[in-house]
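Notes to accompany the following structure.
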Amino acid sequence: MKNAHPSYTLLVFVLLGLLPFLFQDPRALIVLLAINIALIAKLGWERSMIKAYILVGGIGSCFAVITWLPFTNVGTPYWSSTIPLIHYPVQITDVGVLWALGMGLRLANVALLSMYYVFTTSPREIAMGLRGIGVPFSISYLLSLIFRFIPLVKNDLAIIREAQMVRGMSTSEGNVPERIRKYSYLLVPLIFNSLKRVQLIANALDAKGFRMRNSQHRFYRSKRWKKAEVFTLVAGVCIVSALFYIARLHPDHIGVLIPGRI
Amino acid sequence: MDSTFSSRKATKTKTLVINALFIAFTLAATMFINLRLPIMGNGGLIHLGNVPLLIAAFVYGRKTGAIAGAFGMGLFDLISGWTAWAPFTFVIVGAMGYVAGLIAEKVPGNRVFVYALAVAAALVIKIVGYYFVEVILYGNWIQPFGSIPGNVLQVVVAAVIVIPLVGRLKKIVGQG
Amino acid sequence: MSVVIELNDVWYSYEKEKLVLQGVSLQLKQGEFVAIIGGNGSGKTTLAKHCNGLYKPTQGTVKVNGLDTKTMSVAQLSRIVAYCYQNPDHQIFHSTIKAEVAFGPKNMGWPPEKIEQAVAEALAAVGLSDKGDEEPHFSSKGTRQKIAVASILAMKPQVIVLDEPTTGLDYRGMQEMMELVRHLHAEGHTIIVITHDMRLVAEYAQRVIVMHKGKLLCDGDPVHVFSQTQVLAAAQVEAPAIYRFGKAAGIDDPIPLTLTAMKKQVLGEGI
Amino acid sequence: MKTEPLLRVNGVYWHYEEGAQSALADIHLALYPGEVVGVVGPAAAGKTTLLLTMSGLIPANYGGHFVGSVESNGEQGIVFQDPETQFIGLTVEEELAFSLENAGWSDERIEKRMAEVLDLIGLNSFANRSPLELSGGEKQRVAIASALSHSPQVLILDEPTSELDPVGAREVFSLLSRLKREKEMTIVVSSHATEELAAFCDRMILIAEGKIVLDQPTRQFFDQVDVLDEHGILVPDVIRLYHMLCQQGVLSASTAGVPLTVEELALYYKEARLVREGSL
Ligand SMILES: Nc1ncnc2c1ncn2[C@@H]1O[C@H](COP(=O)(O)OP(=O)(O)OP(=O)(O)O)[C@@H](O)[C@H]1O
Ligand SMILES: Nc1ncnc2c1ncn2[C@@H]1O[C@H](COP(=O)(O)OP(=O)(O)OP(=O)(O)O)[C@@H](O)[C@H]1O
Ligand SMILES: [Mg+2]
Ligand SMILES: [Mg+2]
């Protein structure tokens, strides 16, 4: 993907990201996850991403499974009960188990794709990609600035935390309210420092001819669309549409457990 | 050419940079600073993403508040796998920032009271907004109640942190 | 003089491949005034942060007053070794200068009278007694730097580490800051200053440590260190102007490092 | 040299919206092609404000009250104190291309210009590195290159070396000297490091409380030790020593003016010794 048109990469990931929403069945989704993992393994993992993925994607998926489990009223119940007061039935059914697993896998899939895209695409490429599909320059530039700020913010936070540790404060001790109060101690220096930076960055941008509406701006070394890319995209859109038709609109649903649900 | 004039406070570029900064804050606070509690809904995630959102709304006004919320949390949803929520988050949290900022700007009176009012309004938007979104996404009317405690807690925690600081932050911002 | 801080073959790395400290051994004695110099990224800050346990060595030991830093928390160590950050804005967060300075002592769990006294003393030491109720964020950079120093002084540490305390200050601010440090030294504190300003090193330090790529390149009194031309060149530093003048003018060894010493030497030569 | 000025500041007053008093008052100055001007002053004197005004960022980018005018016959490039923060690109190349992209240059022109600029700062092999991974001096050189990439006539630098080690600072000043020598670049630089400015600048400006106190050729400027002391400006040790030695009769005041570098003073000193020894 390194030499691809940035908009192409963006759209490929959007298409891949749509696939998990076509299926509900964990069996279909696990196949999809395997394919995605294989694809990404081929493109090359990043160490830092694996950690983040396990944390965010993993925990998210587990909670998805837990939250969904008791709320499916379709299928044969293994266990059932009612919520007191409102008398709402909760039950664990065979379809419900599959459904919950499917939702967890759906999250795992989408998280994998989106995190991979963000971790391996530079803010500049994201901006170029968005520009290429018609997003205004100011918005695409805003996005690349955000990713420029995040490491600065993280770095500042680490120093501020240390600076408070050396004055005898420990962030790990204390009950929840106390820990919340400690976060507010981080905020003031963080914002004070960042705001100083804001003026400087705005100056640096303006001094280099940056303007919000700049029709003459063009990205250096921007790529041209290749025939193969256009072809792949068109084919991809067709495949996704076909799958949508088969899985969702056709009477003999593939990978759908409960019709009418997303 | 001899000229005498007063120039505007924030240029477009500076506004852009401030917006980017607060989106980054919101995104970073949602991703990196969170307490995970065993409460249902939203993955039991008590993150601090509402803190920068409220600061943006109270200190810089409704526009920055809306942008910080919409982009910051929307991006988080997009990245972290809650992608189906992202378009809704974009609208709901954007509206939270906008309304909180609007109330803080327009309502006169005791500041702490006004901010509390603004937070309450934001909270209502959040609860109602996500309730209906989740009804659609979950396909039932009860399950979405599960995320209400989490949502309330998130906003209340953020308010507890932010409200006492707003006055000072405003002064600091004025200086910078 | 007793040894306060002892580093024994200390190695450290933030990330796997890149070694930031590579076998540093060093003893700092009670009452010394030490300057750490070296190029950007040579490991000065990392070294200093080992002295108060903020970083623990990946290999080797750091002992403070004979105790291994691995067995102590940063909070415990910060009563002995205080570290003052390069940028005061990273640590100031209270709404009054007094509250800011009282933060450290409060964390120590001292009784209120003791805290009040410590704060008053610390503010007096940096000359901000009458500004206790002001908002720290609105004061000048020089004052903010002093607030940062006061806020660690209030914890009554034995050793004070100052990371580039004069960066961004004008000449007056710099002199005030260094006179404050000299005063603290005279009161018995052990001082470690990290700086890029060789004039200050020549003027104030008793002992100079030269760092380069995570290694201790040279350690000795300023006259000795600044005569090591090759070491200095390797470590990305250069001797103060007065010394370079002495060298270029062919003044006899030992070449003085400060204006006053040079004046004495030249006049004593009695041309 | 006395052709048309590149930049002229005519009676500028400037009051920041939030400021307690005017940050600049009655500033008049003209900058001629090829001049290298140093700006010194105590903290909060208005150095940064003056440079921002010369670059046009004040009043365009700040709120406040502006009187007077700044006439410029060309573009300015500006470099700020903290190199980390001012980087916009994630690689050196992106950083250098940014202003050219904004101007809508073609790939070939950008490529050519970038090669030139990289050559100028001597960091040819760094094009694809992240500017954040470089050493302090290299970072600041990249920042300078980035300000130079759209070929401005005037280069303005605000405390470019305050966070650098002595060698990094030297790298930056030797780059500036090259620009002065080879490109006849017009440069304005503020700093607290008067020793470096003395060796480098043709002309010095002392600003205090928003007003220009001194604006003179460097040698004359540093001869006014009393004025500099009064405003808390560090008089370089070389110049102090020179005055001391003159007072004590070790040196006789030179007709060429105060020495500005270690080498100059050493030369004076050696000459004086020869004269002494010869006369004995
Ligand atoms: N938090 C960190 N994570 C990763 N690497 C780091 C971190 N802090 C410092 N380093 C690296 O460690 C090395 C030594 O850094 P250190 O800050 O100790 O240098 P220094 O001598 O204090 O430099 P300076 O004069 O610029 O302050 C550098 O190469 C730096 O890039
Ligand atoms: N954005 C701003 N808003 C309001 N006042 C400002 C702003 N920037 C600077 N000032 C004030 O204008 C005056 C001149 O400041 P300036 O930054 O130009 O000084 P300086 O000479 O560059 O100082 P330093 O040596 O600290 O860099 C100061 O009194 C300062 O407080
Ligand atoms: Mg350091
Ligand atoms: Mg300045």
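Chain letters run A, B, ... following the sequence lines, proteins first, then strands; residues in each count from 1.
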Determine the option with the most heavy-atom pairs under 4.5 angstrom with chain B, choosing from A/Arg148, A/Lys196, A/Lys154.
-> A/Lys154
Does any pair with a residue in residues 90-110 of chain B pass ring pair (Phe, Tyr, Trp, His ring centres under 6.0 Å), and if so which ones, sequence neighbours excluded?
-> B/Phe71-B/Phe90
Identify the two heavy atoms, one from A/Val198 and one from B/Lys14, that lie closest to each other, and give their separation to 0.1 Å.
-> CG1-CG, 4.0 Å
Pick from A/Leu107, A/Leu145, A/Val110: which one has the most heavy-atom pairs with chain B under 4.5 Å?
-> A/Leu107
Ignoring hydrogens and angles, write down the donor-acceptor pairs under 3.5 Å from the side chains of residues 106-120 of chain B, residues two or more places apart or on other chains.
| from | atom 1 | to | atom 2 | distance (Å) |
| --- | --- | --- | --- | --- |
| B/Asn110 | OD1 | B/Val112 | N | 2.9 |
| B/Asn110 | OD1 | B/Phe113 | N | 3.1 |
| B/Arg111 | NH1 | B/Ala104 | O | 3.0 |
| B/Arg111 | NH2 | B/Val107 | O | 2.7 |

Are more than 12 heavy atoms from other residues, nucleotides or ligands located less than 6.0 Å from atom CZ of A/Phe119?
-> yes
Checking heavy atoms, do the side chain of B/Leu78, its backbone, both or neither come under 4.5 Å from chain A?
-> backbone
Expected list for residues 18-27 of chain B: side-chain donor-acceptor pairs under 3.5 angstrom, two or more places apart:
| from | atom 1 | to | atom 2 | distance (Å) |
| --- | --- | --- | --- | --- |
| B/Asn19 | OD1 | B/Thr64 | OG1 | 3.3 |
| B/Asn19 | ND2 | B/Thr15 | O | 3.4 |
| B/Thr26 | OG1 | B/Phe22 | O | 2.7 |

Got more than 12 heavy atoms from elsewhere within 6.0 Å of CD1, A/Ile30?
-> no
Between A/Leu112 and chain B, which part of the residue has a heavy atom less than 4.5 Å away: side chain, backbone, both or neither?
-> neither
Where does B/Ile136 contact chain A at under 4.5 Å (heavy atoms): side chain, backbone, both or neither?
-> both
The interface call for B/Val59 against chain A, heavy-atom contacts under 4.5 Å, is neither
Of all the residues in residues 201-210 of chain A, which have a heavy atom that comes within less than 4.5 Å of a heavy atom in chain B?
-> A/Ile201, A/Ala202, A/Leu205, A/Asp206, A/Phe210
Tell me, out of A/Leu142, A/Val118, A/Ile150, who's got the most heavy-atom pairs with chain B below 4.5 Å.
-> A/Leu142
